[in-house]
Amino acid sequence: MATWNSRGLRGSTFEDLINTTNEHYRNKNLALVQKIPTPITPLKFNSEKKLITEAYFEKDSTVDYIGVVQGVPVCFDAKECKTDTFSLQNIHEHQFRFMTEFESQGGVAFLLIHFTMRNDFYYMPYIELKQYIDRVADGHAKNFKYTELEDEYFLKPNGGALVNYLVGLQRDLESRDE
C-alpha cells in the first residue's frame with residue numbers, strides 16, 4: 001500500500017510555480033485551471049494540529065491539472081526530472097489513457113516537465129509524448145533525452161506566469177492546424 005507520507009514533498013516546488021502561474025492566468029482572465037487533488041483515505045492524524053499525518057491513495061488519479069483556456073479544454077500532468085534523461089515510467093498507464101481519452105473528446109492534453117538540474121521548463125504536446133511511448137514498442141529504451149526535445153516548446157517566465165505554458169499551448173494549437 002502506498003502511503004501519503006512515503007512520497008514526501010516531491011514536486012511540490014514545481015507545483016507551487018504552476019499554481020502561481022494558474023492564479024496569474026485566472027486574475028488576467030486568460031484561463032481557469034485547477035489542481036486535481038488525489039483522493040486519499042486518512043490513517044493517522046495529529047489531533048493537536050488537526051493534520052493528516054499518514055494516508056493511502058484510494059485509487060489512481062488522472063492528471064494533476066484540468067481546466068479551460070479561452071474555451072479550449074486542457075489537462076496536463078507536471079513531472080520533474082533531475083537528469084537529462086526522462087524515464088517514461090514516470091507516466092503511468094492510467095494517466096496516458098486519460099490524456100488519450102481527453103484528446104479524443106476534443107481537449108488538449110500535455111505534460112509540463114521541469115528539468116531541475118538545468119532549471120528548464122518544457123511543454124510536451126500529447127502527440128510528442130505519444131511518439132515517445134509508441135517507439136518503445138519498436139524496441140527503443142523507455143525514455144527520451146533532453147537533446148531530443150523541440151526548442152520552441154521550452155518555456156520562459158513572463159511576469160506572473162512563472163511556468164508560462166500558454167505559449168506552449170499556442171504553439172501546440174498552431175501545429176494542429178497545419
A.B. asks: Hey, quick one: are M99 and I127 part of the same hydrophobic cluster, counting side-chain heavy atoms closer than 4.5 Å, chains of contacts allowed?
C.D. replies: no
A.B. asks: Run the side-chain contact (heavy atoms from CB on, under 4.5 Å) check on L149 and Y122 step by step: do they pass?
C.D. replies: CA-CA 8 Å; L149 301 175; Y122 188 76; 3.6 Å; yes
A.B. asks: Out of curiosity, Q131 CD to H140 NE2, how far, rounded to the nearest 0.5 Å?
C.D. replies: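 So the gap between those two atoms works out to 12.0 Å.
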A.B. asks: Going by the rule side chain to side chain contact (heavy atoms under 4.5 Å, CB included), which residues pair with A161 if we only count those two or more places apart in sequence or in a different chain?
C.D. replies: T21, H24, Y25, N164
A.B. asks: Going by the salt bridge (Lys or Arg N to Asp or Glu O under 4.0 Å) test, which pairs reach into residues 143-171, not counting sequence neighbours?
C.D. replies: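 Only R135-E148 qualify under salt bridge (Lys or Arg N to Asp or Glu O under 4.0 Å).
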A.B. asks: Can you confirm whether F102 sits close enough to I66 that some side-chain heavy atom of one is under 4.5 Å from a side-chain heavy atom of the other?
C.D. replies: yes
A.B. asks: Who passes side-chain hydrogen bond (donor to acceptor under 3.5 Å, both in side chains) against D172, sequence neighbours left out?
C.D. replies: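 Only Y123, R176 meet the side-chain hydrogen bond (donor to acceptor under 3.5 Å, both in side chains) criterion with D172.
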A.B. asks: Can you sort out the partners of N90 under side-chain hydrogen bond (donor to acceptor under 3.5 Å, both in side chains), two or more places apart, ordered by chain and number?
C.D. replies: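 Here no residue qualifies.
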A.B. asks: Output a table of donor-acceptor pairs, distance under 3.5 Å, between side-chain atoms of residues 110-118 and any protein atom two or more places apart or on a different chain; print 'none' if there are none.
C.D. replies:
residue: H114; atom: NE2; partner: N119; partner atom: OD1; Å: 2.9
residue: T116; atom: OG1; partner: C81; partner atom: O; Å: 3.3
residue: R118; atom: NE; partner: D84; partner atom: OD1; Å: 2.8
residue: R118; atom: NE; partner: D84; partner atom: OD2; Å: 3.4
residue: R118; atom: NH2; partner: D84; partner atom: OD2; Å: 2.7

A.B. asks: Say you draw a straight line from OG of S175 to CD of E128; how long is it, rounded to the nearest 0.5 Å?
C.D. replies: 10.0 Å
A.B. asks: Once you round to the nearest 0.5 Å, how far does CG of L88 lie from CG of L129?
C.D. replies: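 Separation between the atoms: 7.0 Å.
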A.B. asks: Check side-chain hydrogen bond (donor to acceptor under 3.5 Å, both in side chains) between D134 and all other residues, then give those that pass, not counting sequence neighbours.
C.D. replies: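 So D134 forms a side-chain hydrogen bond (donor to acceptor under 3.5 Å, both in side chains) with K130.
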A.B. asks: Between CD of Q34 and CG of N19, what distance do you get to the nearest 0.5 Å?
C.D. replies: 10.0 Å
A.B. asks: Should we say atom CG of N29 is surrounded by more than 12 heavy atoms from elsewhere, each under 6.0 Å from it?
C.D. replies: no
A.B. asks: Set out, in order, the CA-CA distance, both residues' side-chain angles and the distance that settles side-chain contact (heavy atoms from CB on, under 4.5 Å) for F121 and F14, then state yes or no.
C.D. replies: CA-CA 10 Å; F121 300 104; F14 185 33; 3.5 Å; yes
A.B. asks: Using distance alone, with no hydrogens and no angle criterion, decide if Y65 and E15 have a side-chain donor and acceptor under 3.5 Å apart.
C.D. replies: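 E15 and Y65 do not have a side-chain donor-acceptor pair below 3.5 Å.
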A.B. asks: Taking atom types as modelled, find out whether Q170 and E174 have a side-chain donor-acceptor pair closer than 3.5 angstrom.
C.D. replies: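 Yes, because at least one side-chain N or O of Q170 sits under 3.5 Å from a partner of the opposite role on E174.
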A.B. asks: Pair F96, Y126 - check ring-ring contact (aromatic ring centres under 6.0 Å, His included), show working.
C.D. replies: CA-CA 9 Å; F96 184 69; Y126 169 81; 5.6 Å; yes
A.B. asks: Not counting sequence neighbours, which residues clear side chain to side chain contact (heavy atoms under 4.5 Å, CB included) with V68? List them please.
C.D. replies: L32
A.B. asks: List for me each residue that meets ring pair (Phe, Tyr, Trp, His ring centres under 6.0 Å) alongside Y132, sequence neighbours excluded, and say none if there are none.
C.D. replies: F144
A.B. asks: With sequence neighbours excluded, what pairs up with E23 under the side-chain hydrogen bond (donor to acceptor under 3.5 Å, both in side chains) test?
C.D. replies: none
A.B. asks: State, with a plain yes or no, whether a side-chain heavy atom of Y146 is found less than 4.5 Å away from one of F154.
C.D. replies: yes
A.B. asks: Is V167 isolated, or which residues cluster with it under the ILVMFWY side-chain rule of less than 4.5 Å, directly or via members?
C.D. replies: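 V167 shares its hydrophobic cluster with no other residue.
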A.B. asks: Locate the shortest heavy-atom distance separating V69 from A31; write the atom from each residue and the value.
C.D. replies: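 Minimum heavy-atom separation between V69 and A31: CG2-CB, 3.7 Å.
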A.B. asks: Run the side-chain donor-acceptor check on residues 71-78: report pairs under 3.5 Å with partners two or more places apart or on a different chain.
C.D. replies:
residue: D77; atom: OD1; partner: D64; partner atom: N; Å: 2.9
residue: D77; atom: OD1; partner: Q95; partner atom: NE2; Å: 3.4
residue: D77; atom: OD2; partner: K79; partner atom: NZ; Å: 2.9
residue: D77; atom: OD2; partner: Q95; partner atom: NE2; Å: 3.4

A.B. asks: Going through the distances and angles, do K35 and I18 end up as a side-chain contact (heavy atoms from CB on, under 4.5 Å)?
C.D. replies: CA-CA 9 Å; K35 173 88 172 91; I18 294 169; over 6 Å; no
A.B. asks: Any chance you could measure L30, atom CG, to N22, atom CG, to the nearest 0.5 Å?
C.D. replies: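 Rounded to the nearest 0.5 Å, the CG-CG separation comes out at 11.0 Å.
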